Amino acid sequence: SYDNIYFWNTEYTSFGEQTKITKYSYKNGKIEPQASASILGTLNNDYSLDEYKGNLRLVITKENSGFGIIPFTERIPNVQRSESENALYILDKDLKVVGKIEELAKGEYIKSARFMGDMAYFVTFRQTDPLFSADVSDPTNPKILGYLKIPGFSEYLHPFVNGLLFGLGQDADEKSGGIRGLKMSMFDISDSGNVKEIAKNIYRDGRYSQSDAEYDRKAITIDADKNIIGFSISAYDESRNRNYKKYVVYGFDKEKGFYEKFSYDFSSISMYYGYYMRGVYIGDYFYIVPTDI
């Protein structure tokens with residue numbers, strides 16, 4: 001954040017996974033330890049944490065019973081294994097819990113999260129994709145306002161314009177949870193208590209379609225003002241019995257949904273198939289940069 005740096009690491013213990021968080025300030029260029037805490041469970045990635053008005057907000061998944069923030073010096077009690085569940089915590093400047101919502105989406109896992117000012121949005125998944133919206137404006141009393149349940153899940157969430165939230169992930173079978181192809185979603189979050197999926201695009205041109213952008217934020221280029229959403233797609237073409245990789249740039253319109261602005265198939269240049277693709281724009285030109293790093 002502007003004032004602090006947070007480090008965390010996960011340890012595997014007999015009672016389950018535990019995440020330790022340590023907070024350092026760097027005011028005037030001087031790094032000083034501030035506080036530490038231990039949490040039962042694991043963080044999905046650094047989008048699962050956010051500092052806001054001096055508080056640290058986070059969403060976490062655990063495999064075992066016994067959610068809680070535990071001082072390093074306190075002995076952790078033995079707990080019984082149970083199905084996964086999730087929680088939202090708000091910690092003060094000393095990493096003490098001031099607000100929490102526990103036992104969320106049992107049997108599911110956090111797949112993506114975004115904290116946006118007084119609101120938090122996060123996706124859990126097992127067979128369908130609940131997108132939760134939470135009011136975190138009062139740190140001592142966070143509230144789930146609603147959730148939207150749709151097939152599949154979003155691995156990445158990105159604020160768009162005019163109360164919209166973009167999601168990229170996988171479509172999935174509602175009964176088995178088996179993935180069925182790369183999926184783009186656009187959510188209307190203007191009414192936080194009634195989030196809606198107003199557009200989707202499921203990439204079915206080839207089996208096992210996926211994108212590096214599902215796991216690497218640097219692999220997606222989004223500029224809502226320029227109406228650009230760019231990323232690479234990898235898939236298997238059964239008709240030609242080959243893998244291929246292409247880069248696509250989409251735009252979004254509330255009336256017609258997602259539409260393709262540009263695409264380029266790199267599979268004709270075989271050396272580029274295993275490469276990572278980066279999209280950048282300069283002025284009126286868009287550049288695709290393949291790299292094996």
Side-chain angles (χ1 to χ4, degrees), residues 47 111-114 116-117 119 121-123 129 131 133 148 150-172 179-192 194-235 237 244-269 272-273 275-291:
Y47 283 120
K111 298 295 288 186
S112 57
R114 272 284 183 169
M116 299 164 61
M119 291 297 301
Y121 299 92
F122 56 96
V123 168
D129 167 2
L131 171 63
S133 58
L148 172 68
I150 54 176
F153 55 89
S154 296
E155 289 273 14
Y156 177 76
L157 296 172
H158 193 103
F160 214 60
V161 293
N162 301 324
L164 298 178
L165 181 68
F166 170 77
L168 181 70
Q170 290 283 330
D171 184 39
I179 60 174
R180 301 191 296 191
L182 191 68
K183 177 185 178 183
M184 293 188 294
S185 295
M186 190 65 77
F187 303 103
D188 184 342
I189 58 173
S190 57
D191 180 356
S192 301
N194 185 29
V195 175
K196 298 177 181 178
E197 185 184 47
I198 59 173
K200 65 180 179 180
N201 183 66
I202 301 171
Y203 193 80
R204 302 231 189 254
D205 184 13
R207 295 178 61 194
Y208 315 118
S209 57
Q210 59 183 357
S211 174
D212 299 332
E214 294 177 74
Y215 315 103
D216 182 356
R217 74 197 65 176
K218 294 180 180 179
I220 189 166
T221 300
I222 299 180
D223 189 313
D225 292 332
K226 290 184 176 292
N227 200 8
I228 288 174
I229 304 170
F231 53 89
S232 68
I233 298 175
S234 301
D237 186 341
Y244 69 92
K245 190 163 195 171
K246 65 191 297 186
Y247 196 94
V248 295
V249 178
Y250 283 92
F252 175 77
D253 181 89
K254 278 193 172 182
E255 297 298 324
K256 57 183 179 181
F258 294 105
Y259 60 94
E260 188 177 290
K261 287 187 168 186
F262 170 82
S263 69
Y264 186 84
D265 187 347
F266 279 86
S267 55
S268 60
I269 312 173
Y272 285 146
Y273 177 74
Y275 278 40
Y276 296 99
M277 305 291 174
R278 298 289 185 260
V280 296
Y281 61 83
I282 302 174
D284 294 329
Y285 292 88
F286 195 94
Y287 300 86
I288 301 167
V289 185
T291 174

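Computed from a prediction, not measured in an experiment: that's the story for all the values here. Numbers for residues simply follow the sequence, beginning at 1.
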Chemist: Report yes if some heavy atom in the side chain of Y156 is under 4.5 Å from a heavy atom in the side chain of E214; otherwise report no.
Modeler: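 No; the side chains remain at least 4.5 Å from each other.
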
Chemist: Is there side-chain contact between F231 and V248, with at least one heavy-atom pair below 4.5 Å?
Modeler: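 F231 reaches V248 side chain to side chain.
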
Chemist: Hey, are the side chains of D171 and Y203 touching, using non-hydrogen atoms and a 4.5 Å cut-off?
Modeler: no

Chemist: Test side-chain contact (heavy atoms from CB on, under 4.5 Å) on S133 and Y121; report intermediate values, then the result.
Modeler: CA-CA 5 Å; S133 58; Y121 299 92; 3.6 Å; yes

Chemist: For the pair S232 (side chain) and M277 (backbone), establish whether a donor and an acceptor sit closer than 3.5 Å, ignoring hydrogens and angles.
Modeler: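 No; judged by distance alone, with no hydrogens or angles, the pair does not exist.
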
Chemist: Can you tell me how far apart NZ (K200) and OG (S185) are? Round to the nearest 0.5 Å.
Modeler: 8.0 Å

Chemist: Can you find a pair of side-chain heavy atoms, one from V280 and one from T221, that are under 4.5 Å apart?
Modeler: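 Answer no - side chains too far apart.
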
Chemist: Just so I know, are the side chains of H158 and R217 near enough to count as touching, which here means a heavy-atom distance under 4.5 Å?
Modeler: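 They are not in side-chain contact.
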
Chemist: Nearest 0.5 Å please: distance from the CZ atom of F166 over to the CZ atom of R114.
Modeler: 11.5 Å

Chemist: Are the aromatic ring centres of F252 and Y250 under 6.0 angstrom apart?
Modeler: no

Chemist: Which heavy-atom pair separates P290 from F266 by the least distance, and what is that distance?
Modeler: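 Minimum heavy-atom separation between P290 and F266: CG-CE2, 4.0 Å.
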
Chemist: Got a sec: does the OH of Y285 have more than 12 other heavy atoms crowding it under 6.0 Å?
Modeler: no

Chemist: Looking only at atom types and distance, does a side-chain atom of K261 sit under 3.5 Å from a main-chain N or O of N227, one as donor and one as acceptor?
Modeler: yes

Chemist: Report the distance from atom CD1 of I189 to atom CG of N194, rounding to the nearest 0.5 Å.
Modeler: 12.5 Å

Chemist: Less than 4.5 Å apart, side chain to side chain, heavy atoms only: is that true for L165 and M116?
Modeler: yes

Chemist: Which heavy atom of K246 sits nearest to which heavy atom of S263, and what is that distance?
Modeler: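 That would be CE-CB, 4.0 Å.
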
Chemist: Are any side-chain N or O atoms of S190 and backbone N or O atoms of G163, one a donor and one an acceptor, separated by less than 3.5 Å?
Modeler: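 Not confirmed, S190 side chain does not pair with G163 backbone.
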
Chemist: Donor-acceptor pair, S209 side chain versus L182 backbone, under 3.5 Å?
Modeler: yes

Chemist: Quick check: does any side chain N or O of E155 sit under 3.5 Å from a backbone N or O of D216, one acting as donor and the other as acceptor?
Modeler: no

Chemist: First locate atom NZ of K111, then atom CZ of F153, and finally report the distance between them rounded to the nearest 0.5 Å.
Modeler: 4.5 Å

Chemist: Would a 4.5 Å heavy-atom cut-off, applied to side chains only, mark L157 and Y47 as touching?
Modeler: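 SC-SC contact between L157 and Y47 ruled out.
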
Chemist: Going from OH on Y247 to CG on D265, what distance comes out if it is rounded to the nearest 0.5 angstrom?
Modeler: 15.0 Å

Chemist: Is any side-chain heavy atom of L164 closer than 4.5 Å to one of I198?
Modeler: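 With C-beta onward as the side chain, the pair touches.
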
Chemist: When rounded to the nearest 0.5 angstrom, what is the spacing between CG in N162 and NZ in K254?
Modeler: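 Taking CG in N162 and NZ in K254, the distance rounds to 6.0 Å.
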
Chemist: Short question: side chain of K183, backbone of P151 - any donor-acceptor pair under 3.5 Å?
Modeler: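 Yes, because the side chain of K183 sits within donor-acceptor range (under 3.5 Å) of the backbone of P151.
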
Chemist: Which atom pair, heavy atoms only, marks the closest approach of D223 to D225?
Modeler: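 Reported closest heavy-atom pair: OD1-N, 3.0 Å.
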
Chemist: For a quick test of reading the model, state the closest non-hydrogen atom pair linking S154 to G167 and the distance between them.
Modeler: OG-CA, 3.8 Å

